[in-house]
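The first residue of the sequence shown is numbered 1, and numbering continues consecutively from there.
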Amino acid sequence: ISAEAFEEQSKAVAVLERVNKVKSEFVAIVSHEFRTPLTGIQGFSEMMRDEDLTVPELKEYATDINKDARRLNRLVNVMLDLSRMESGRIALSLEPIDLNAIVRDIAATMQPTASKHTFTLRLDDTLSLLQADRDKLTQVVTNLAGNAVKYSPDGGEIVLMTRAEGNHAHLMVIDNGLGMPKDMLEYVFEPYSRAENGKARFVNGTGLGLPIARQIVKLHGGRVWADSVEGKGSTFHCLIPVGASSRAA
């Protein structure tokens, strides 16, 4: 076997080992994410079965069970969405979309639950309407903004910026949080992967938000990438064509 062939084989083995490692980590993370609501559902349902409860108490426990069941449903849907997008089984429903309006709505929705953070909007009023899937694009902005909140646990400013660049809309989500080293900038967009440097390893979540955001933007014919300085924050970029994607239904 030649030296070049041996090197290629070694690289392939390294890639497979890494895939196995991240999938094992993903299974552990998802098991934890599922176990928490399942424990709640089991505990509250057993109390409803075994204890003599008042009607208000029954309603309170039923509300908690419903909340945990919805959380489980969201987790399942997130994993199914990624699987369908990776296999090309999701079609886009295109319509004229105002990206700035979506950004404003998401910032307003997230601000009350992110009290330690301040959302700053820097939106380009010259931005053209996009031919895009409203729900999917909303999911992209939500995932990126949610990621910025999650990975800046001490709070601070989160900037949501749009800019017209030729025939593309450029969305940037900027935080001053934990950041990550250069060798993780591409890794965090891989399915089943998540930032595990320093304090980031203690952040909850499945790590599917960024891969899903990238898949959606790719379906629109665009691309997603990140810049970051460890300990100083990250900037996530989306470049989306103004015109319709050829992959849309």
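Taking 4.5 Å as the limit, some side-chain heavy atom of K59 sits within range of a side-chain heavy atom of V55. When side chains are defined from C-beta on, I65 counts as touching M48, because their heavy atoms get closer than 4.5 Å. Taking the side chain as every heavy atom from C-beta outward, P153 and L178 approach each other to under 4.5 Å. In this structure, the side chains of H170 and C238 stay at 4.5 Å or more apart for every pair of heavy atoms. A heavy-atom distance below 4.5 Å is not found between the side chains of L210 and Y187. Within the 4.5 Å cutoff, no side-chain heavy atoms of I106 are placed close to those of L160.
Remark: T142 OG1 to N147 CG distance equals 12.0 Å, nearest 0.5 Å. Annotation: the span from H220 atom NE2 to L137 atom CG amounts to 5.5 Å, rounded to 0.5 Å. Of the inter-residue distances, the one linking K218 atom NZ with I240 atom CD1 reads 14.5 Å to the nearest 0.5 angstrom. Atom CD1 of I174 and atom CG of L144 lie 12.0 Å apart (nearest 0.5 Å). To the nearest 0.5 Å, atom CG of residue D98 and atom OG of residue S128 are 10.5 Å apart. Rounding to the nearest 0.5 Å places CH2 of W225 at 12.0 Å from CD of E186.
With D133 contributing its side chain and S93 its backbone, the two residues share a donor-acceptor pair below 3.5 Å. In this structure, D124 contributes its side chain and R163 its backbone to no donor-acceptor pair below 3.5 Å. Judged by distance alone, with hydrogens and angles left aside, the side-chain atoms of Q111 form a donor-acceptor pair with the main-chain N or O of H117 at under 3.5 Å. Looking only at distances, no side-chain donor or acceptor of K232 sits under 3.5 Å from a matching main-chain atom of G179.
Grouping the Ile, Leu, Val, Met, Phe, Trp and Tyr side chains by contacts below 4.5 angstrom, directly or via other members, places I212 with I102. No continuous path of ILVMFWY side-chain contacts below 4.5 Å connects V159 to V173, so the two sit in separate hydrophobic clusters. L38 and M47 fall within a single hydrophobic cluster, where Ile, Leu, Val, Met, Phe, Trp and Tyr side chains are chained together by heavy-atom contacts under 4.5 Å. Both V141 and I216 belong to a single network of hydrophobic side chains, linked directly or stepwise wherever heavy atoms of I, L, V, M, F, W or Y lie under 4.5 Å apart. Both V242 and L99 sit in one connected hydrophobic cluster of ILVMFWY residues. Membership requires side-chain heavy atoms under 4.5 Å apart, directly or through other members.
Enclosure of atom CG in D50 by more than 12 non-hydrogen atoms of other residues, nucleotides or ligands within 6.0 angstrom is indicated.
Evaluated for a side chain to side chain contact (heavy atoms under 4.5 Å, CB included) with L171, the options T162, V217, L239 yield exactly one hit, T162. Residue E60 forms a side chain to side chain contact (heavy atoms under 4.5 Å, CB included) with just one option from D64, L58, T63, and that option is D64. For the side-chain hydrogen bond (donor to acceptor under 3.5 Å, both in side chains) with E157, the qualifying choice from T118, N176, T120 is T120, the only one to do so.
Using a 3.5 Å distance cut-off with no hydrogens or angles, the side chains of N66 and R70 do pair a donor with an acceptor.
Between L72 and P37, the shortest heavy-atom contact is CD2-CG, 3.6 Å. Nearest approach of T126 to A164, heavy atoms of both residues: OG1-CB, 4.0 Å. Heavy-atom minimum distance, S228 versus G233: OG-O, 3.0 Å. D175 and S152 get closest at one heavy-atom pair: CB-OG, 4.5 Å.
Using cut-offs of 30° and 60° on the angle between ring planes, the pair F189 and F236 is perpendicular.
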Between M180 and V188, does the side chain to side chain contact (heavy atoms under 4.5 Å, CB included) criterion hold? Intermediate values first, please. CA-CA 10 Å; M180 53 188 160; V188 293; 3.7 Å; yes
